[in-house]
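Here, residue 1 is the first one in the sequence, and each next residue gets the next number.
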Amino acid sequence: MASGALADVIRHKLGDLSPAERKVARVLLANYPSAGFETVAVLAERAGVSAPTVIRFVNRLGYRGFPDFQTALREELDERNASPLSLYESADRARTDGAAGGDAFLLGQAGRLFSSAVAQTLTELPSHDLEHAVSLLADGKRRITLAGGRFTHLLAQYLGLHLMQLRGDIRLLPAGDVERTAVLGALTRRDVLIVFDYRRYEQDKVTMAQLALEQGAKVILFTDRWLSPVSTHAEVVLPSLVTTPSPYDSFVPTLAVVETVVAGVVAALGDDAPARLRHTEEIARRIGLQ
């Protein structure tokens, strides 16, 4: 089995499934993860297929039967809902080893974890999603709005600042209620909403993505390997690992994905990118920022 969320694994398998099995997959993806806890009979009825088709589908994913599939889904939900406190309590042994080994142990552990997580994230990143994200962000006719969460607003701001130097019509979702409502209410088919949402997912991000989709906008989601519920409404999903030696999820792999997207946008813009950079640097010089 792949290390990603079951929803991500199912998406990658869509091309290998039979037409009937794809019906099961789409029902699961449309109502993930709740649909996975239905009975075989109910899931088969909702997909308009037979019960044996559901069994063949989970077998195709690598499970011996439907109970094994549901067990894996429960384990995934436990990971998705993990808080810094629960991660802290489950890492007592690692902290004990780290204290015994000193700084050298911590540096070695961090080096292994971060380098492995970045490499695996970039290896498993869906190439078609990356290409589509770059295409949307390099399209000068589209307006880009970025939204983050408690910690991930920093990532949204980081990506937004880079994009502002490369092209126009970039904005961060305002914090104020009136301003935020106005921006979300004005989304149209020319808009792209970029959402950063990681485990202990925030319900307002799901609502934002749903509103964007209803108004014709595209949604790009940066998330972890368990996939935010926003993925149901997203045109592009860019997952990353969050492995870290501390009780807090790491955004080091996410930052690598962000940097990769920026590099892709620069390449897609061609000569427009340095022209825009020269213009912004000249403005900065004239107002005394350089």
Side-chain angles (χ1 to χ4, degrees), residues 1-83 86-87 90 120-121 124-126 128-129 149 195-210 212-214 219-243 249 254:
M1 289 294 300
S3 63
L6 289 178
D8 206 27
V9 174
I10 292 169
R11 280 193 183 89
H12 280 83
K13 288 278 189 182
L14 281 173
D16 301 327
L17 301 174
S18 69
E21 290 165 350
R22 274 197 293 275
K23 290 181 180 179
V24 180
R26 296 195 185 283
V27 168
L28 283 169
L29 291 174
N31 300 276
Y32 189 84
S34 59
F37 293 111
E38 302 281 10
T39 65
V40 170
V42 170
L43 186 55
E45 182 179 359
R46 291 179 62 182
V49 300
S50 66
T53 297
V54 175
I55 302 302
R56 285 196 298 273
F57 166 76
V58 297
N59 290 159
R60 190 75 73 104
L61 296 180
Y63 298 101
R64 288 177 297 177
F66 202 67
D68 285 346
F69 170 78
Q70 291 185 321
T71 297
L73 190 56
R74 289 190 189 93
E75 291 172 353
E76 178 186 303
L77 287 179
D78 287 341
E79 290 185 276
R80 284 179 64 172
N81 295 327
S83 67
S86 64
L87 293 173
S90 67
Q120 187 174 345
T121 292
E124 296 181 353
L125 198 67
H128 56 86
D129 280 80
V195 177
F196 288 81
D197 195 31
Y198 290 72
R199 65 179 171 183
R200 302 193 81 191
Y201 310 110
E202 300 173 7
Q203 180 57 42
D204 67 321
K205 303 304 180 298
V206 181
T207 304
M208 289 176 195
Q210 187 174 7
L213 190 64
E214 289 172 357
V219 178
I220 296 175
L221 170 66
F222 288 81
T223 187
D224 51 43
R225 66 186 182 95
W226 300 284
L227 302 187
S228 157
V230 172
S231 60
T232 302
H233 309 295
E235 177 108 354
V236 174
V237 179
L238 299 172
S240 59
L241 298 183
V242 293
T243 310
D249 286 345
T254 299

Between [atom1] of [X] and [atom2] of [Y], what distance do you get to the nearest 0.5 Å?
X	Y	atom1	atom2	value
K23	F57	NZ	CZ	14.5 Å
K205	Q210	NZ	CD	15.0 Å
E124	L241	CD	CG	6.5 Å
S228	R200	OG	CZ	14.5 Å
T71	E76	OG1	CD	12.5 Å

Indicate the atoms forming the closest heavy-atom contact of [X] with [Y], along with that distance.
X	Y	value
L221	A234	CB-CB, 4.0 Å
L29	A7	CD2-O, 3.5 Å
T223	V237	CG2-CG1, 4.0 Å
L17	R60	CD2-CG, 3.7 Å
R74	F37	CG-CE2, 3.5 Å
A25	I10	CB-CG2, 3.6 Å

State, yes or no, whether a side-chain contact exists between [X] and [Y] at a heavy-atom distance under 4.5 Å.
X	Y	answer
P239	L125	yes
Y63	L6	yes
L28	F69	yes
R26	L14	yes
V206	Y201	no
V58	D68	no
Y32	L227	no

Within the supplied structure, the quantity of interest is the number of heavy atoms (other residues, nucleotides, ligands) at a distance under 6.0 Å from E235 CD; does it exceed 12? yes

With a 3.5 Å cut-off and no angle check, do the side chains of Y198 and T254 form a donor-acceptor pair? yes

If we ignore hydrogens and angles and just use 3.5 Å, is the side chain of [X] paired with the main-chain N or O of [Y] as donor and acceptor?
X	Y	result
E21	T53	no
D224	R199	yes
D197	E202	yes

